[in-house]
Protein chains: 2
Amino acid sequence: MDPKQLLKEHIAKTAKLSENEFDDFFECFTAKSYKKGAYIITAGERIDCEYFVVSGCIKTFYVNDNQKMFVLQFAMPSCWASDYSALYSGTRATISIGCITDTELLCLSNNARESACRKFHQVEHFFRTRMTGEYVASQKRLLSTMNNDVKYRYEELITLFPELYNMVPKRLIAAYLGVSRETLYRLNNT
Amino acid sequence: MDPKQLLKEHIAKTAKLSENEFDDFFECFTAKSYKKGAYIITAGERIDCEYFVVSGCIKTFYVNDNQKMFVLQFAMPSCWASDYSALYSGTRATISIGCITDTELLCLSNNARESACRKFHQVEHFFRTRMTGEYVASQKRLLSTMNNDVKYRYEELITLFPELYNMVPKRLIAAYLGVSRETLYRLNNT
DNA sequence: CAAAAGATGTGATCTGCATCACACAATTTA
DNA sequence: TAAATTGTGTGATGCAGATCACATCTTTTG
């Protein structure tokens, strides 16, 4: 799908921008494409952008001192991703973003977002609504992690995003659920 | 401290409102006080407000089908709390809010927030910034939960909020960390 | 297309935390 | 201030999930 059209429809769900305003806002974005396996953000780097996924699938993840990986998010088309902590505080990234499939993105720099928010009240409204939604989703996931066992959360995840079942290696789904791949495998027999 | 002054200084950190604008915005809030042990929101109710803590300490929590409690947040002065999922989607609350100590609050209804956001670009900016911060904090907590053992997370919590150590029963701290009170107790001997 | 790299099955063993049970201390409330 | 409620200390026991080890099977790449 056309990146501009996808973004337009995505934003239209929460904000009312005129044609001209949207065109102006869209100027802030840069299109990029990546091959499967490529890194978009590497932990330790300075970063400047957040990303809107146009096609493909990416993962946002943290790797701890023992090389154990935790997946924070699988981002499909119309999702956003970045290390927001690093982006807003200007510190180095502590999480990485990598491509699970070939991927097309629209990049928006921190400065460009902030000036678009200043220029267009509706852009600021869009990002407020978006962040509120992310916060709510994150709280829900935290609660589910504390409250439900792995099997339940696995089924919950696959129900919510059935595409993941075939698109993403089980290893990464385990890393999203915070369990070992062996444990995830054994759920089937239980 | 004077509620109005506390809110004013809190908001001034992220948004620029003139005296008149702030006065106008402040009209949206209603002051309330509660006794220790009182409920501010009870799961199952319809809700209409978010709350800014002026004095005291409150807890946001979820109780599952087995009566097990999970604490999502301890809110101290200058913190905000609500069931944002219910508030934004208009559904019934799934979490409750209760007072750990006597508490003074400023209540802001969903409608009042939304119209203030429409009226004042800077108010929308304030809430965008606030929600971004909440999202980042929530992601950090999720990661820490998956990555670190209970002892580490307990120390992390007490370092971040030393007041909690004496103000809040250990039972509730355990419910925040997602472990049993027995386990929390045994950490001291390890 | 052959070799290397990555993903998935499967067993054996170890461990952190839950759960149950009960004693005692501290704080509310009548 | 006595009784009731709520919080904390401590042992015994059980289980979900981690870790290690190794055997396929599948996909990528030279």
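In what follows, every chain begins at residue 1, and chains take the letters A, B, ... in the order their sequences are listed.
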Among C:dT8, D:dG17, C:dT10, the one nearest A:R186 by side-chain distance: C:dT10
Tell me the closest heavy-atom pair linking B:A86 and B:I47, and the distance in Å. CB-CD1, 3.9 Å
Can you measure B:I100 atom CD1 to D:dG7 atom P for me and round it to whole angstrom units? 11 Å
Side-chain donor/acceptor of B:E182 to base of C:dC17, under 3.5 Å: no
Whole-Å distance separating the OH atom of A:Y152 from the P atom of D:dA16: 18 Å
For C:dC17 and B:T183 - does any side-chain N or O of the residue sit under 4.0 Å from the phosphate oxygens OP1/OP2? no
Nearest-angstrom distance from the residue atom CG of A:L177 to C1' of D:dA18: 15 Å
Hey, is the side chain of A:S180 poking within less than 4.0 Å of OP1 or OP2 on D:dG17, counting only N and O atoms? no
Separation of D:dA18 C1' from B:M146 CE (nearest whole Å): 16 Å
Could you point out which residue of B:D65, B:N66, B:N64 forms a side chain to side chain donor-acceptor pair (under 3.5 Å) with A:N147? B:N64
CG (A:D149) and OH (A:Y154) are apart, to the nearest 0.5 Å, by 14.0 Å
Regarding A:K140 and the six-membered ring of A:Y135, is the cationic atom NZ or CZ under 6.0 Å from the ring centre and inside 45° of its axis? no
Could you check how far CE of A:M167 sits from C1' of C:dA7, rounded to whole Å? 17 Å
Choosing from D:dG17, C:dT10, D:dT19, which nucleotide comes nearest the side chain of A:K68? D:dT19
With sugar-phosphate meaning primed atoms plus P, OP1 and OP2, does B:G178 contact a base, only sugar-phosphate, or nothing at under 4.0 Å between heavy atoms? sugar-phosphate
Does B:R171 contact D:dT5 through a side-chain donor or acceptor facing the base, at a distance under 3.5 Å? no
From NZ of B:K170 across to P of D:dT6 the rounded distance in Å is 18 Å
Would you kindly give the NZ-to-P distance between A:K151 and D:dG17, to the nearest whole Å? 11 Å
OP1 or OP2 of C:dT28 less than 4.0 angstrom from a side-chain nitrogen or oxygen of B:K36, does that happen here? yes
If each of A:R181 and A:R153 is mapped to the nucleotide of DNA chain D with the nearest heavy atom, which maps nearer the 5' terminus, i.e. the 5' end? A:R153
Under 6.0 Å between the ring centres of B:F74 and B:Y176? yes
A:P169 or B:L184, whichever maps to the more 5' nucleotide of DNA chain C: A:P169
